Each structure stands twice: as C-alpha cells, then as structure tokens.
Undergrad: 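After the structure tokens below, expect a handful of questions from me.
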Amino acid sequence: MSATLIKGTVIRDQIIEEIKADVEKIKAEHGVVPGLVTILVGEDPASISYVTAKIKTAKDLGFKEVQDSQPATISEDELLALVDKYNRDDSINGILVQLPLPKGIDDKKVLNAIDPDKDVDGFHPVNVGRLMIGGDEVKFPPCTPAGIQEMIVRAGVETSGAEVVVVGRSNIVGKPIANMMLQKGAKANATVTVVHTRTKDLAFHCKRADILIVAAGVPGLVKPEWIKPGACVIDVGVNRVGEKISEKTGKKVAILKGDVDFEEAKEIAGFITPVPGGVGPMTITMLMRNTLNSLKFKLGIA
Ligand code: NAP
C-alpha cells in the first residue's frame, strides 16, 4: 500500500491563511502589523534569491518588510550598528541577517547582537536555551524544525509515546527537532533517539522508529528496509544530484533528491514527505509565524 503524502505546499498554504487572518485582526484591533527586516551583505546570488523569497512572502502577508542591502565592504562595527538600529526600531519585530557574511566579519558576533526577542530565526543562544527548557519559555522555535513538527502533527500522526529517531545532529535541524519532540507537552512527548556518523548501527535504530526524521544531507542514505511498516518518514535532505531542463521554463534546473529512497520507501511507510515539495516550503512560512508571534508577544496577546 502507498503511504499518505505529507505535502509541505498544502500545509504551508493552511498556515499562510492562518497568519493572514491574524495579521488582519491585529491590524484592526491594535493598528499595527508585524515588521521584518532582512539584512543582506554583498551580492551572493543564492543569498539574494533567499532574501527575495522571504521579503515577497512577508509582503504578501501584509507585513511591513524592509530589505536592507549593504555592500560587501561594510565593516563589522558598521554591521553591528545596523543591527542595533533595528533592535531599537519599534516597528520591527523580526531581524534576519542572511548568511554567509563576507570574510573578516564574525557571523557569530553579528547574530548574537540581535535582540533575542527579535531573533525570529531562533538561533540566538538565549532562544536555544528557551527551546531546551520548553513550555512557555519557547518564543522562536527554529524554522525548519518547527515546520517538521507542524507537518507531523497536521498529518494526524500521534507523537505522544512515539519512538522518534532523528538522523543528524546539526544545530539547525537535528538537535532542535530532537529537543522539541522530547518536550513534555502537546505535539511532543516522544521517546527520542539521535543518530549520526559515529552511531554503530544506523539501520537498527531507524527500524525502531514510529517517526523517522532524516536530516543528513546524504542522498538515499536511508534504505527502504530500514523503515518500519506504517512509520511516518520526514525527509529533510535536499541534495542536488544533477541538472535537467525544466518543461515549464525551458531553463536548466537542479535535480533534487532526499536522504530517503522515496519510490521504494513510500510503499512501506504510512506517511512520507516528498523532496522537493515536502519540508522545504515550510521553512519560510514558520519564519513568518515567528515574526507574527514576536509582535503578539510584544502586544501581550500571544
Ligand atoms: P549538516 O549540518 O551537514 O548535518 C548533517 C548531520 O547528519 C550531521 O550530524 C552528520 O553527523 C549526520 N550524517 C551525515 N552523514 C551521515 C551518515 N552517513 N550516517 C549518519 N549520520 C550522518 O546538515 P543540516 O544543515 O542539518 O542539513 C541536513 C540536510 O537537510 C541537508 O540536505 C540540507 O540541505 C537539508 N535542509 C533542508 C532544509 C529545508 O528543507 N528547509 C533546511 C535545512 C537543511 P556528524 O555530526 O557525526 O557529522
């Protein structure tokens, strides 16, 4: 039997509608909208395209959006002063500094200068700590893990008591999603195992998973026989494995593959995310939700 597809595009659209409704309500009742600034340093084409997508989504949602583009020659002190300016700007609820930054600028120093209450990416040590504590302490869960959790829950998969196995222990995906799933509370309460390159028997752990979250960045790492029949498989991996000509545009586009062998895995799993069109579309949406929540925290209506 084929698994139920968990489509990020469909869940994204649901959440976007929820955010839009909230923005309109807050605007009517409080006369303000969420404000998001994206600081882009230099002209890296990939960074420009990420920032453009974020700004477009913010605009479509009725946010105040500011794209602050700076030359690659900006000094660290000037960049820190810019962050400080937005920290003090009451109309801004979320500050993003697009990485990578040019050589000579300490990106940790810059990211740590962002006011934790405007750190909508959720990477500031204060927000990492809040995530670890869990419950009401959490303000801004990092966006990709937040999207993963939302997909699992909205697909109707039970997390309480589930065996969750996370492949990968990065600071942006593996560690935070593992931490989120083990918290005491709704959308969590799972028993969590994290595996990585030093794990002795990857297959053994994957086979035990009711919910298998794979974020390794290795195409086809998880074999179909490692999947427990009926499990929920979240494939976070996005791997470029070649190029093709798009039928729509006639332009060269990357061929993307996940960390799971999708075609065979979908015959065994109960739920599965595709690549592309799975976790990918969720990340920017969760960034927008964090920005909206930042304003709600400020207004005391979260
Ligand atoms: P990362 O920082 O490279 O971390 C990869 C993790 O996977 C590491 O912990 C590594 O273990 C583990 N790993 C790698 N190969 C392994 C293997 N053969 N066996 C077991 N564990 C292995 O990657 P990331 O930033 O977390 O991203 C992971 C994937 O998710 C990438 O494909 C990335 O493009 C994708 N991604 C997608 C989104 C999105 O869709 N929005 C967002 C973020 C990332 P060690 O720690 O032992 O080295």
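Since the model is a prediction, treat every value here as computed from it, not as a measurement. All residue numbers in this chain count up from 1 along the given sequence. Remember, it's 1-based here, ligands and their atoms both numbered in the order they're listed.
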Undergrad: Have a look at ligand 1 and work out which part of T199, if any, has a heavy atom under 4.0 Å from it: side chain, backbone, both or neither.
TA: neither
Undergrad: Please indicate whether any nitrogen or oxygen in S170 is less than 3.5 Å from any nitrogen or oxygen in ligand 1.
TA: yes
Undergrad: Suppose I only count heavy atoms of H196 and a 4.0 Å limit; which atoms of ligand 1 are within that range?
TA: 11 (O), 20 (C), 21 (N), 47 (O)
Undergrad: Quiz question: by atom type and distance under 3.5 Å, do the side chains of K54 and T38 form a donor-acceptor pair?
TA: no
Undergrad: State the atoms of ligand 1, each with its element, that fall below the 4.0 Å cut-off from a heavy-atom position in N239.
TA: 32 (O)
Undergrad: Measure T197 to ligand 1 on non-hydrogen atoms and call it side chain, backbone, both or neither using the 4.0 Å cut-off.
TA: both
Undergrad: Going by the order shown, which atoms of ligand 1 are within less than 4.0 Å of some heavy atom of V218?
TA: 15 (N)
Undergrad: Among all protein heavy atoms, pick the one closest to atom 12 (C) of ligand 1 and tell me residue, atom and distance.
TA: G168 CA, 3.9 Å
Undergrad: Is any NZ, NE, NH1 or NH2 atom of the basic residue among R130 and D117 found under 4.0 Å from an Asp or Glu carboxylate oxygen of the other?
TA: yes
Undergrad: Can you list the ligand 1 atoms lying under 4.0 Å from a non-hydrogen atom of R169?
TA: 6 (C), 8 (C), 9 (O), 45 (P), 46 (O), 47 (O)
Undergrad: Students should be able to answer this: which protein heavy-atom is nearest to atom 33 (C) of ligand 1, and at what distance?
TA: V238 N, 4.2 Å
Undergrad: Within the supplied structure, the quantity of interest is the number of heavy atoms (other residues, nucleotides, ligands) at a distance under 6.0 Å from D136 CG; does it exceed 12?
TA: no
Undergrad: Any Lys/Arg nitrogen of K228 or E163 sitting under 4.0 Å from an Asp/Glu carboxylate oxygen of the other?
TA: no
Undergrad: Where does T144 meet ligand 1, judged by heavy-atom distances below 4.0 Å: at the side chain, the backbone, both, or neither?
TA: side chain
Undergrad: Checking a contact table here: which protein heavy atom is nearest atom 19 (N) of ligand 1, and how many Å away?
TA: L202 CD2, 3.6 Å
Undergrad: Say whether D259, considering both its backbone and side-chain N or O atoms, lies within less than 3.5 Å of an N or O atom on ligand 1.
TA: no
Undergrad: Please answer whether the main-chain N or O of L111 pairs with a side-chain N or O of D107 as donor and acceptor at a distance below 3.5 Å.
TA: no
Undergrad: Heavy-atom count around K7 NZ within 6.0 Å, excluding the residue itself: above 12?
TA: no
Undergrad: More than 12 non-hydrogen atoms from neighbouring residues, nucleotides or ligands closer than 6.0 Å to NZ on K223, yes or no?
TA: yes
Undergrad: Does CZ belonging to R240 count more than 12 external heavy atoms closer than 6.0 Å?
TA: no
Undergrad: Using every non-hydrogen atom in the two residues, find where Y86 and V66 come nearest and quote the distance to one decimal.
TA: OH-CG1, 3.9 Å
Undergrad: Any idea which protein heavy atom is nearest atom 41 (N) of ligand 1, and the distance to it?
TA: T283 OG1, 2.8 Å
Undergrad: Looking only at N/O atoms, are I172 and ligand 1 under 3.5 Å apart anywhere?
TA: no
Undergrad: Taking the cut-offs as 6.0 angstrom to the six-membered ring centre and 45 degrees off its axis, would you call K139 and F297 a cation-pi pair?
TA: yes
Undergrad: Give me the nearest non-hydrogen protein atom to atom 35 (C) of ligand 1 as residue plus atom name, then the distance to 0.1 Å.
TA: V236 O, 3.3 Å
Undergrad: Given A216, P176, G217, which one has a non-hydrogen atom that is nearest to atom 3 (O) of ligand 1?
TA: A216
Undergrad: G174: heavy atom below 4.0 Å from ligand 1, yes or no?
TA: no
Undergrad: Does the pair D89 and K85 meet the rule for a salt bridge (charged side-chain N to carboxylate O under 4.0 Å, His left out), with working shown?
TA: CA-CA 6 Å; D89 184 336; K85 181 184 108 175; over 6 Å; no
Undergrad: Looking only at protein heavy atoms, which one is nearest to atom 18 (N) of ligand 1, and how far off is it?
TA: L221 CD1, 3.5 Å
Undergrad: At a 4.0 Å threshold, what atoms of ligand 1 neighbour a non-hydrogen atom of V173?
TA: 26 (O), 43 (C), 44 (C)
Undergrad: I'd like to know if the side chain of S47 reaches the main chain of E43, judged simply by a donor and an acceptor atom lying under 3.5 Å from each other, with no hydrogens or angles considered.
TA: no
Undergrad: Give me the nearest non-hydrogen protein atom to atom 40 (O) of ligand 1 as residue plus atom name, then the distance to 0.1 Å.
TA: G280 CA, 3.4 Å
